[in-house]
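Proteins get letters first, then strands, A, B, ... in listed order; numbering begins at 1 in each. Quantities reported herein were computed from a predicted structural model and do not represent experimental measurements.
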Protein chains: 2
Amino acid sequence: MRTQTNSSENVEMYLKTVAELGGCAAPVSIAKVADRLEVTAVSANEMMKRLTDQGYISRIPYKGVELTDIGQVAAYSVIRRQRLWERFIVDNLNMSWSGAYEVSCRLEHATSNVLAEALSLYLGQPTTCPHGHPIPTLAGGLAPLQGRPLSALKKGENGRIEAILHTTTAIFAYFAERNIYPQQEIAVQEIAPLDGPFTIVVEGKTTVLGQSLADLVIII
Amino acid sequence: MRTQTNSSENVEMYLKTVAELGGCAAPVSIAKVADRLEVTAVSANEMMKRLTDQGYISRIPYKGVELTDIGQVAAYSVIRRQRLWERFIVDNLNMSWSGAYEVSCRLEHATSNVLAEALSLYLGQPTTCPHGHPIPTLAGGLAPLQGRPLSALKKGENGRIEAILHTTTAIFAYFAERNIYPQQEIAVQEIAPLDGPFTIVVEGKTTVLGQSLADLVIII
DNA sequence: TTAAAATGATAGGATACCCTTATATTATCA
DNA sequence: TGATAATATAAGGGTATCCTATCATTTTAA
């Protein structure tokens with residue numbers, strides 16, 4: 001009955017998550033992966049064992065997991081498919097920018113490489129997703145994200161939003177309501193002491209962002 | 001981890017198949033469903049038991065299964081999602097007409113109703129899929145397919161192809177190579193005795209189709 | 001350096017699918 | 001009507017994924 005040509009949906013979700021958490025460069029804690037996927041640490045550990053057996057990741061006990069070469073290829077393929085769908089959902093279907101990640105997250109697993117390439121062509125071979133992240137190339141390359149978090153800016157500095165890091169639909173919506181999304185010009189008006197809230201201005205709108213939200217906004 | 005709002009992929013496949021085999025109007029043999037889904041009769045029986053418990057179908061032992069009202073709503077929803085994707089795949093992505101069913105069959109399960117409606121709007125609210133079948137409406141209606149099979153035509157008759165009934169990608173491709181797809185004008189040149197092969201002409205191309213292939217082509 | 005926190009491993013279950021083999025029941029047709 | 005074909009059920013397994021609970025090990029931080 002299955003016509004599955006890629007790995008299973010679950011395997012893809014784990015690989016993508018490891019990649020998103022930086023598992024191409026440095027070990028990622030299994031607990032973080034579990035957290036993000038909303039499963040228990042035990043479940044994540046079991047899966048990591050399976051993924052290790054299948055050669056997708058290498059584990060360094062008590063340190064975390066890293067993607068192997070084939071793991072990275074698989075993960076980038078998933079990310080490419082997702083980000084292409086995000087573009088379509090936002091640019092063509094005019095669906096909400098905040099919900100695009102969630103919607104595309106279902107489609108990505110149902111997308112063959114042939115379909116992904118047809119979609120890419122249709123979209124004009126975009127290079128970034130609506131949240132500002134680079135789309136991995138067909139060849140498997142992924143341009144690093146430029147810029148630094150808003151939380152690293154000083155009072156009076158300004159810049160352009162390059163990307164919004166991965167978060168929940170609710171928080172994406174919170175950003176969207178305040179005009180905080182890629183390509184917007186932003187200025188830091190005030191920073192409370194002790195990394196306290198950042199008062200910023202975007203399109204004339206003043207917003208106060210806490211430290212953890214400010215970490216999610218990448219400025220260039 | 002699951003963000004599943006619809007029924008599971010498998011449940012959707014079973015419901016869709018029952019509907020495609022006519023389960024909205026008359027009992028459909030479980031063996032036929034099993035055959036189409038390429039599972040054993042035992043597996044299909046087990047699933048039918050589950051679907052009955054969940055209120056999607058009613059079974060008449062040794063006769064077959066029929067969709068209940070909620071089963072029909074669910075099935076038509078799946079079919080709508082699939083046919084909308086088929087349109088996109090063929091019309092926008094320029095992917096092959098023959099493979100569209102298979103490709104869309106994966107996407108349909110990853111598509112929420114909200115996404116389906118955005119897609120429908122984007123496509124200009126199409127009413128038929130590329131194989132000529134009506135797309136169920138949002139309200140759950142499904143216009144019956146008009147016409148009669150090519151196999152019912154007499155020598156010398158002609159008509160327009162309305163639809164191609166469900167078949168494999170390979171057979172869809174066989175039809176496509178011979179210009180046999182919806183909206184084409186067709187003329188029956190010769191019918192061999194005993195329901196024997198049908199010699200037809202489409203766009204100046206002469207083709208000989210056996211009885212079972214001729215059954216799949218709906219003429220109006 | 002030791003206690004707390006984080007991490008990993010093991011055992012025991014659950015569910016939703018799938019399978020084969022065997023047996024029982026019903027339908028159909030000669 | 002009786003044999004064959006179709007259908008249904010039962011028994012026994014398999015896999016992938018999830019869970020809780022417990023215990024063991026390692027890291028980290030006071």
Side-chain angles (χ1 to χ4, degrees), chain A residues 1-18 21-23 26-66 71 74 78 105-106 108-110, chain B residues 1-18 21-23 26-66 71 74 78 105-106 108-110:
Chain A
M1 177 152 177
R2 251 338 93 117
T3 328
Q4 204 75 353
T5 56
N6 310 317
S7 336
S8 88
E9 185 163 333
N10 274 305
V11 167
E12 289 193 343
M13 281 305 288
Y14 273 93
L15 293 176
K16 184 180 81 166
T17 303
V18 173
L21 293 173
V28 166
S29 129
I30 295 176
K32 280 220 180 68
V33 175
D35 198 54
R36 184 104 143 216
L37 291 175
E38 296 179 67
V39 297
T40 61
V42 178
S43 298
N45 259 288
E46 282 175 348
M47 179 58 109
M48 291 309 175
K49 180 167 241 155
R50 266 175 250 140
L51 294 179
T52 306
D53 293 346
Q54 290 167 59
Y56 286 120
I57 59 164
S58 64
R59 357 178 22 182
I60 308 153
Y62 299 97
K63 288 295 179 182
V65 295
E66 267 181 282
V78 182
C105 188
R106 300 240 261 136
E108 70 195 13
H109 311 292
Chain B
M1 174 152 179
R2 245 348 87 123
T3 326
Q4 203 75 355
T5 56
N6 309 318
S7 337
S8 87
E9 185 164 330
N10 274 306
V11 167
E12 290 193 343
M13 282 304 289
Y14 273 92
L15 293 176
K16 183 179 81 166
T17 303
V18 173
L21 292 173
V28 166
S29 130
I30 295 177
K32 281 219 180 70
V33 175
D35 197 54
R36 184 103 145 216
L37 291 174
E38 296 180 66
V39 296
T40 61
V42 176
S43 297
N45 258 288
E46 282 176 347
M47 179 58 110
M48 291 309 175
K49 181 167 239 155
R50 265 175 251 140
L51 294 180
T52 305
D53 293 346
Q54 291 167 61
Y56 286 121
I57 59 165
S58 64
R59 355 179 22 182
I60 308 150
Y62 298 97
K63 288 294 178 186
V65 294
E66 266 181 282
V78 182
C105 188
R106 300 240 262 137
E108 70 195 13
H109 310 293

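Rounded to whole angstrom, the span from the CD atom of A:E9 across to the C1' atom of D:dT17 amounts to 12 Å. Following rounding to the nearest Å, A:I60 (CD1) and C:dA6 (P) show an atom-to-atom distance of 20 Å. As a whole-Å value, the separation of A:Q54 CD from D:dT17 P is 8 Å. C:dC17 atom P lies 8 Å from atom CG of B:L51, rounded to whole Å. Put simply, CG on B:D35 is 11 Å from P on D:dT7, counting in whole angstrom units. Rounded to a whole Å, the CE atom of B:M47 is 10 Å from the P atom of C:dA16. Atom pair B:N10:CG and D:dA16:C1' shows a separation of 13 Å (rounding to whole Å applied). Atom CE in B:M13 sits roughly 11 Å away from atom P in C:dC18 (whole-Å rounding).
Of the listed nucleotides (D:dT27, C:dC19, C:dT10), C:dT10 has the atom at the smallest distance from the side chain of A:V42. Distances were taken from every side-chain heavy atom of A:T40 (C-beta onward) to each of D:dT28, C:dG8, D:dC19; the shortest belongs to D:dC19. The side chain of B:N45 sits closest to D:dA8 out of D:dA8, C:dA9, D:dT20. Distance from the side chain of B:I30 is smallest to D:dA8 among C:dG8, D:dC18, D:dA8.
A:R50 has no side-chain polar atom (N or O) that falls below the 4.0 Å cut-off from OP1 or OP2 of D:dA16. For D:dT7, the OP1/OP2 oxygens have a side-chain nitrogen or oxygen of B:S29 closer than 4.0 Å. Close to C:dA16, at under 4.0 Å from its OP1 or OP2, lies no side-chain N or O of B:S8.
Map A:S43 and A:Y62 each onto its nearest nucleotide of DNA chain D; the residue landing nearer the 5' end is A:S43. When each of A:V11 and B:G64 is assigned the nucleotide of DNA chain D bearing its nearest heavy atom, the one mapping closer to the 5' terminus is B:G64.
Between the A:N45 side chain and the A:A41 main chain, a donor and an acceptor come within less than 3.5 Å of each other. When atom types are taken as modelled, the side chain of A:S43 and the backbone of A:V39 share no donor-acceptor pair closer than 3.5 angstrom. Under a 3.5 Å cut-off, the side chain of A:E12 and the backbone N or O of A:S8 do not form any donor-acceptor pair. A donor-acceptor distance shorter than 3.5 angstrom exists from the side chain of B:R106 to the backbone of A:H109, with no hydrogens or angles considered.
B:K16 is not listed as a side-chain neighbour of B:R36, based on a closest heavy-atom distance of 4.5 Å or more.
For A:E46 against D:dC19, a side-chain-to-base donor-acceptor contact under 3.5 Å is present.
Within the nucleic acid shown, A:A41 has no heavy atom closer than 4.0 Å to any nucleic acid atom.
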